[in-house]
Structure formats: C-alpha cells, structure tokens
Amino acid sequence: MKSKSRKGLKCLLAVAAVAVIAVIVYFTSFHNADILKIENGKVKGIKPTWLVGTTVENGQETYVKIGDASAPKDYKAVSGAEDTDGDPITTNFVFVGKKPEQNPGTVTVEPYPWKPGVSEYDEGFLLETGEGDGFTADASDGELYKFYGGLREVVTEEERTSTVFLASPYEDVCIKVTASMPADRELDDVRTLLYAAVQKVTPGKQISPLAADFKLNFLDDSRWSYLLNGLLVTLEITFAAVLLGVVIGVIVATVRSTWDQNSENMHKGPGRSILGFFNGICKIYLTVIRGTPVVIQLMIMYYIIFASSRNGVLIAMLAFGINSGAYVAEIIRGGIMSVDRGQLEAGRSLGFNYVQTMRHIIIPQAMKSVLPALANEFIVLLKETSVSGYVAVKDLTKGGDIIRGVTYSAFMPLIAVAVIYLIMVMFFTWLVGKLERRLRNSDH
Amino acid sequence: MTTELKNNDVIISVRGLEKHFKGGDIKALNGVDTDIHKGEVLVVIGPSGSGKSTFLRCLNLLEMPTGGTITFEGVDITDPKVNINIHRQKMGMVFQHFNLFPHMTVLRNMTIAPIQLLKKSKEEAEKKAMALLERVNLADRANAYPSQLSGGQKQRIAIVRALCMEPEVMLFDEPTSALDPEMVGEVLDVMKELARSGMTMVCVTHEMGFAREVGDRVLFFDEGKIVEEGVPSEIFSSPKEQRTKDFLNKVL
C-alpha cells in the first residue's frame with residue numbers, strides 16, 4: 001500500500017513538472033518572437049507590438065500600433081504590390097513586429113543624502129517599503145501623482161517620470177533613480193526602463209532584506225559574541241543550579257521521607273524531636289520556594305540578601321539552585337517512596353543504620369528511577385534562567401536584548417535567541433531520551 | 001557483650017511480647033513467651049494473621065514491640081537505649097521476597113555489609129562470599145545482577161548474603177512461599193544443610209516436611225499467642241489443642 005501511494009505521488013509530480021515546463025516554454029517561446037501573422041483580417045500573435053507597413057496613399061512608411069489584436073480595422077497594411085489597374089493588393093503577409101526606433105527615454109542615477117529610519121522622501125519612496133497603491137491628483141499644477149508599489153510617478157502633458165529611492169542601510173548609501181520618457185510612451189515602458197536601471201545600479205550585492213538584517217544584528221561589530229557569551233553564562237548557571245538543586249533536594253527529600261515513613265514508629269525522644277524540627281523547616285522551605293515566582297526569589301537574593309555583592313552570576317546560581325532544590329526534593333522524595341520497603345528492611349536487618357541504608361541502598365535506587373525526571377528539571381532550568389537579566393546577568397536572553405538595543409531591530413535577535421534555546425532544549429531532550437533508553441535496557 | 005554460649009544455652013529470650021497496631025485496636029501479638037536455644041531449629045507455623053511473621057520480625061526489631069521484652073545474647077534489645085544495629089549484625093534475616101539489592105551484583109550484595117560494618121577488606125569479604133557461593137553452587141553467578149536470576153537462585157543468594165555477616169541466629173520469614181514449586185526444593189536443601197551444620201534458626205514456614213526433617217521444636221501460633229509447642233513428631237502426629245488439629249488438618 002505504501003509503495004503504491006508513493007508511486008502515485010511520483011507520477012503526479014512528473015506530470016506537474018512536465019506541465020510547468022510546457023507552460024514556461026509556451027510563454028517564453030513567444031517572448032522574443034516578433035513575428036505576426038494576419039489571417040483573414042485578424043492578427044495572430046502575442047501582445048501589442050508595432051506594425052511596419054506602408055500605406056498605399058503616399059507610399060511612405062507608417063508606424064501603427066496594434067492596440068487590440070482583434071480590431072484590425074485600425075490599420076491597413078500592404079505588401080507593396082500593385083495590380084495592373086494601380087489598385088492596392090491586400091494579402092496575408094508576415095510583419096516584422098519590432099518596435100521602431102523611439103525616444104528611449106532617459107535615466108538619471110544620482111546619490112541622495114541618506115536619512116536613516118525615513119521611508120519617504122520628497123520625491124519618492126524607498127523601494128522596500130512598497131507602500132501606497134492609489135492615485136492622488138493635484139490638479140493645481142496639472143500633474144498627476146501615482147504611487148505604484150513604492151514608485152512615485154509624475155505624469156504631465158510632456159513627459160512621464162518614475163522615481164524610486166534605493167537605500168542600503170548597512171552601507172549607509174542612498175541613490176535616487178529616475179526614468180522619464182515623452183508623453184507618447186506608456187508608464188509601463190517607463191517602469192521597465194526604471195527597473196532595468198535599478199538592476200544595474202543597486203549598490204553592493206543583491207542582498208535580500210533578510211540577509212541585510214542578519215548582517216546588521218550579528219556580523220557587524222561581532223555582535224554574535226553577545227549571544228555566544230550569553231549562552232555560556234546561561235549554561236554555567238544552569239549546571240551549577242542543577243547540582244546545587246540535587247544536593248539540596250536529596251537532603252530535603254531524605255528528611256521528609258524519613259519523617260513520613262517512620263515518625264509513627266520512632267521512640268519519642270530527642271532523635272524524633274530533632275527530625276520533627278528539620279522536617280518542619282523543610283516543609284516551610286518547600287512551601288515558600290514553590291509558592292513564589294523564581295524571579296522574585298532571584299531579585300530578593302540580589303537586592304536584599306546579597307545586596308553588598310554584585311556578582312550576579314553567582315547569586316543567580318544560588319537563587320536558581322535553591323529554587324530548583326524544592327522541586328527536585330519532591331521528585332526525589334517520590335523516587336525514595338517508590339523504592340520497595342523490603343529494601344530498607346533488608347538493609348536494616350544486615351545491621352546498617354538508617355543513614356547507611358539510605359546512602360548505600362535506597363538513594364542509589366531512587367536516583368536511578370528519577371534520573372529522567374531530573375534531566376527534565378535541567379531542561380526546565382535552562383529556560384528559567386532566561387530571567388537572569390533582571391539582575392544584571394548577561395545571559396543568552398540579555399545578549400539578545402543588548403543587540404536589540406543597539407540595532408533597534410527586534411526580529412533577528414529575538415528569533416535567534418529563541419532558536420538557540422530551542423536547539424539546546426532539543427539537544428538535551430535527545431540526550432535524556434538516550435539515557436532513558438539505556439536505563440531501560442540495563443534495567444536491574 | 002556476647003558471652004560464649006554453649007549449645008542449648010538460651011540465645012533469645014522472649015517475655016510477654018506484645019504488638020498492637022492502630023493504637024491498640026489490632027493485637028497482632030498478645031503475650032508471647034519462649035526461649036530459643038543455641039543450635040536450635042525453631043519452626044513457627046500457624047494460619048495467616050496469627051502473628052507468626054510479626055513475632056519473627058520483632059525478634060530483630062523490624063517491628064517495634066509495644067510491650068514485653070526480648071533478650072538477645074543477654075542484652076535486652078527492646079530497651080530504647082540499646083544500639084539495635086550492632087545486634088542486628090548477629091541476626092541474619094531471609095525474606096519471602098528475597099529483597100536483594102537490584103543495583104548491585106551478587107558479589108557486591110554479599111560483601112557490602114561485611115566491608116562497611118565488619119570493616120573487612122574487600123579481598124577478605126569476597127573470599128568468604130565466593131566460598132559461600134560455592135556451597136550453594138552459585139559461584140558462577142557472582143557477577144550477575146539479581147534481575148538475571150531465578151527465584152530459587154535469588155533466595156539462595158539471600159541466604160548466603162545473610163551468612164556473610166557470620167550471624168549467631170538466622171531468621172526465615174516464609175522463605176519458600178514466593179517460589180515456584182520446582183525451586184522450593186533447592187532452597188530447602190540449603191536451609192537443611194544450614195540446620196545440620198548447627199546454625200540457630202527460626203523459620204516461619206508452611207513447609208511441614210522441612211519441620212519434620214530438621215526441626216527441633218515447632219511453635220503453633222494463633223491469634224497472637226502460642227497455642228501449642230513441641231517436637232515435630234508430637235505436634236504433627238498427635239496435636240493436643242483443637243485449633244492445632246484444625247489447622248494441621250487443613251494443611252497436611
């Protein structure tokens with residue numbers, strides 16, 4: 001079934017390709033054809049072109065434009081033969097439909113003072129903007145302004161002009177290109193002339209707006225280094241925070257799960273009281289950290305607790321580590337509770353005390369079972385650290401912000417930062433997948 | 001303080017043992033008195049819920065008694081001031097569900113406690129472990145992980161793991177109840193050999209054949225108390241109490 005639909009798709013594509021090629025050939029094959037045929041008084045051929053022929057009356061060559069190929073009555077053309085009576089002979093013949101020598105029009109190309117951020121000049125628009133597609137008439141001086149796709153066109157009784165401004169912001173260059181033709185020519189021809197000129201004079205390489213934007217935001221002044229250094233800082237903070245979080249998490253999880261599982265069975269005494277006390281502290285820690293936004297915790301650490309220090313990166317590591325610890329603690333606690341109770345009993349019956357049993361037997365098994373969840377916590381942390389900029393840390397997000405501030409361009413920096421985060425998350429997600437598969441395969 | 005005990009000296013003494021759950025509503029053990037002698041093989045039988053497992057688990061304080069005393073090698077281990085961990089080293093326990101450590105090899109399972117607790121060197125511990133594995137014909141599985149073993153193999157490993165600590169008494173909590181029938185024999189063989197070598201054993205089990213073969217004394221539990229006790233031949237052929245008779249009629 002699969003191969004059949006694949007085959008069908010291939011056939012469809014082949015047919016489409018052939019059709020497209022045929023259409024292209026059809027249209028281009030007439031492109032340079034300036035051959036017309038007149039059959040039964042009707043002109044066969046393509047678009048309007050000039051007809052060269054002679055009138056009988058005065059034997060002079062007359063240039064007549066064929067406005068509509070289906071209205072032959074606008075012209076008359078002969079081959080130049082006469083019959084014996086001197087009457088004209090009209091017959092089918094082939095015309096050479098070349099445009100006669102005409103005033104080719106003029107093109108002026110001149111530099112123009114560059115105004116950054118301005119998209120409209122007195123005499124025209126920047127080519128990129130392409131705004132305006134309507135008419136305004138200013139009858140007072142008899143001129144007709146037409147805004148056509150970024151061009152400003154002036155139509156008077158004597159001539160038609162079309163003006164466009166080309167600007168290359170990254171080279172700080174502005175050029176004004178004007179094409180003008182006498183009034184008997186059409187605006188379309190003026191535009192054709194203009195575009196041909198534009199092709200020749202466009203400064204620098206034919207750079208697409210996207211490529212120019214890219215260069216401005218990343219290549220100029222090595223602005224990509226903001227992103228690279230920011231990325232390194234982000235990774236630094238994330239790794240440190242994860243480590244701290246795991247250490248805190250293991251301790252808190254051990255205290256909490258010990259209390260939950262054993263408090264009823266313990267002798268009432270100092271040991272139980274101490275454990276109860278620490279359990280209470282852990283519960284407060286969990287409630288507060290999980291109940292407030294990480295940004296607030298970060299700022300409290302930076303502006304209040306460690307106000308004397310301005311080492312933002314270290315403070316960020318601490319804050320995110322403490323924050324992560326609360327979530328990791330619950331993850332690990334789940335892992336500890338999921339270890340079979342018989343493991344604890346076996347350990348205790350061999351003579352291990354509670355701490356030894358946890359250390360050698362329970363926690364290794366718990367960590368193994370929560371490793372994927374911990375890896376996911378790492379991925380979450382990676383994105384959470386993006387608020388580090390709040391406390392003057394130059395991380396990846398802040399790097400993008402800095403570039404945006406310099407170039408006033410929002411698209412490239414933001415999209416680039418998002419893409420980098422995405423790539424990192426995808427990479428680590430893939431790693432986690434490999435880890436999970438490896439754990440599953442070696443499940444013992 | 002362990003005094004050198006001669007055979008037939010009392011190694012564990014239980015007086016008035018009680019275990020209540022849920023604030024007194026459930027009385028798992030309701031006053032148990034017995035003496036366990038060195039070298040004795042004590043078999044504990046009874047219907048489910050009779051408290052036999054609870055009794056066994058109280059002996060090494062896996063269950064904390066709510067009343068009564070247990071004296072092990074002359075020390076009252078129910079005293080809160082006593083460090084129970086030291087005494088547990090001398091009591092090996094074998095569980096119904098094996099409870100091997102899945103994240104360690106067989107060899108590591110056996111040597112981790114002697115190395116950490118008895119402060120033995122790795123070579124010493126491994127040597128002893130291998131010797132024990134030889135005894136149960138599992139020397140070739142020394143580097144396997146528990147998940148790669150069958151139930152019977154796991155239980156035999158569990159037994160020798162406990163033996164690595166050189167205990168004075170071995171406690172068995174229904175060691176064959178979770179095994180497929182064809183593997184029960186190999187485990188019982190190990191236990192019988194252990195019994196014949198003079199190990200003090202307390203076994204909660206349904207395997208009456210084992211009791212008859214190597215048991216020195218049988219305790220019949222019901223409703224948290226010892227209903228009847230005696231040598232296997234007496235208990236199995238001519239039980240005195242009606243409840244004992246009823247139970248034995250059902251299982252034999």
Side-chain angles (χ1 to χ4, degrees), chain A residues 250 258-276 332 335-372 374 435-444, chain B residues 21-23 56-57 59-66 78-106 108-110 112-118 144-149 158 161-167 170-171 173 178:
Chain A
V250 168
T258 304
W259 178 262
D260 280 350
Q261 286 179 335
N262 297 322
S263 58
E264 310 143 348
N265 295 335
M266 282 179 86
H267 295 294
K268 282 195 166 44
R272 191 169 187 269
S273 310
I274 293 176
L275 184 66
I332 295 180
I336 290 176
M337 312 279 264
S338 76
V339 176
D340 186 55
R341 219 185 139 73
Q343 293 292 305
L344 184 73
E345 291 183 354
R348 300 297 323 257
S349 68
L350 281 170
F352 286 114
N353 66 26
Y354 184 77
V355 172
Q356 286 168 322
T357 312
M358 289 295 273
R359 184 174 148 227
H360 292 289
I361 295 160
I362 306 293
I363 295 206
Q365 292 184 56
M367 296 305 284
K368 224 166 154 216
S369 72
V370 302
L371 218 49
L374 287 182
L435 176 72
E436 283 191 46
R437 249 171 284 129
R438 212 160 146 246
L439 280 178
R440 235 182 296 138
N441 286 338
S442 75
D443 211 354
H444 40 252
Chain B
F21 290 109
K22 292 201 198 317
L56 188 80
R57 288 156 63 86
L59 291 182
N60 68 351
L61 290 195
L62 270 191
E63 300 286 353
M64 194 67 68
T66 47
T78 46
D79 187 351
K81 295 193 203 65
V82 163
N83 181 359
I84 184 63
N85 301 308
I86 301 179
H87 298 281
R88 279 195 184 131
Q89 291 173 17
K90 293 275 164 229
M91 296 196 240
M93 190 158 205
V94 178
F95 300 87
Q96 182 175 355
H97 294 286
F98 331 127
N99 290 338
L100 293 179
F101 306 134
H103 58 299
M104 300 180 190
T105 60
V106 163
R108 181 98 180 113
N109 258 274
M110 294 172 67
I112 184 170
I115 292 174
Q116 295 287 335
L117 300 172
L118 300 181
Y145 282 92
S147 63
Q148 299 163 310
L149 304 172
R161 175 177 71 174
L163 289 176
C164 273
M165 290 295 284
E166 292 159 1
M170 286 285 279
L171 308 171
D173 189 358

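Each chain gets a letter, A, B and so on, in the order the sequences are listed, and its residues count up from 1.
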| field | Those residues of residues 355-363 of chain A, ordered by number, that approach chain B below 4.5 Å (heavy atom to heavy atom) | value | A:Q356, A:H360, A:I361
| task | Under the side-chain hydrogen bond (donor to acceptor under 3.5 Å, both in side chains) rule, collect the residues that match up with B:Q148, sequence neighbours excluded. | result | none
| Would you say A:Q343 and B:P102 make side-chain contact, with heavy atoms under 4.5 Å? | yes
| message | Does any backbone or side-chain atom of A:D340 lie under 4.5 Å from a heavy atom of chain B? Answer side chain, backbone, both or neither. | response | side chain
| field | Segment of B:M91 engaging chain A (4.5 angstrom heavy-atom cut-off) | value | backbone
| task | Check whether B:L117 gets within reach of chain A through its side chain, its backbone, both or neither, counting any heavy atom under 4.5 Å. | result | side chain
| message | Could you tell me if the side chain of A:L350 sits less than 4.5 Å from the side chain of B:R161, heavy atoms only? | response | yes
| Where A:P364 and B:H103 come nearest, the two heavy atoms and their spacing | CB-CD2, 3.6 Å
| Structural part of B:L100 lying under 4.5 Å from a heavy atom of chain A | backbone
| request: Measure distances from B:R57 to the heavy atoms of chain A and classify the residue's part below 4.5 Å as side chain, backbone, both or neither. | output: side chain
| field | Contact origin within B:F101 toward chain A - heavy atom pairs under 4.5 Å | value | both
| query | How long is the span from the CG atom in B:L171 to the OG atom in A:S349, to the nearest 0.5 Å? | reply | 8.5 Å
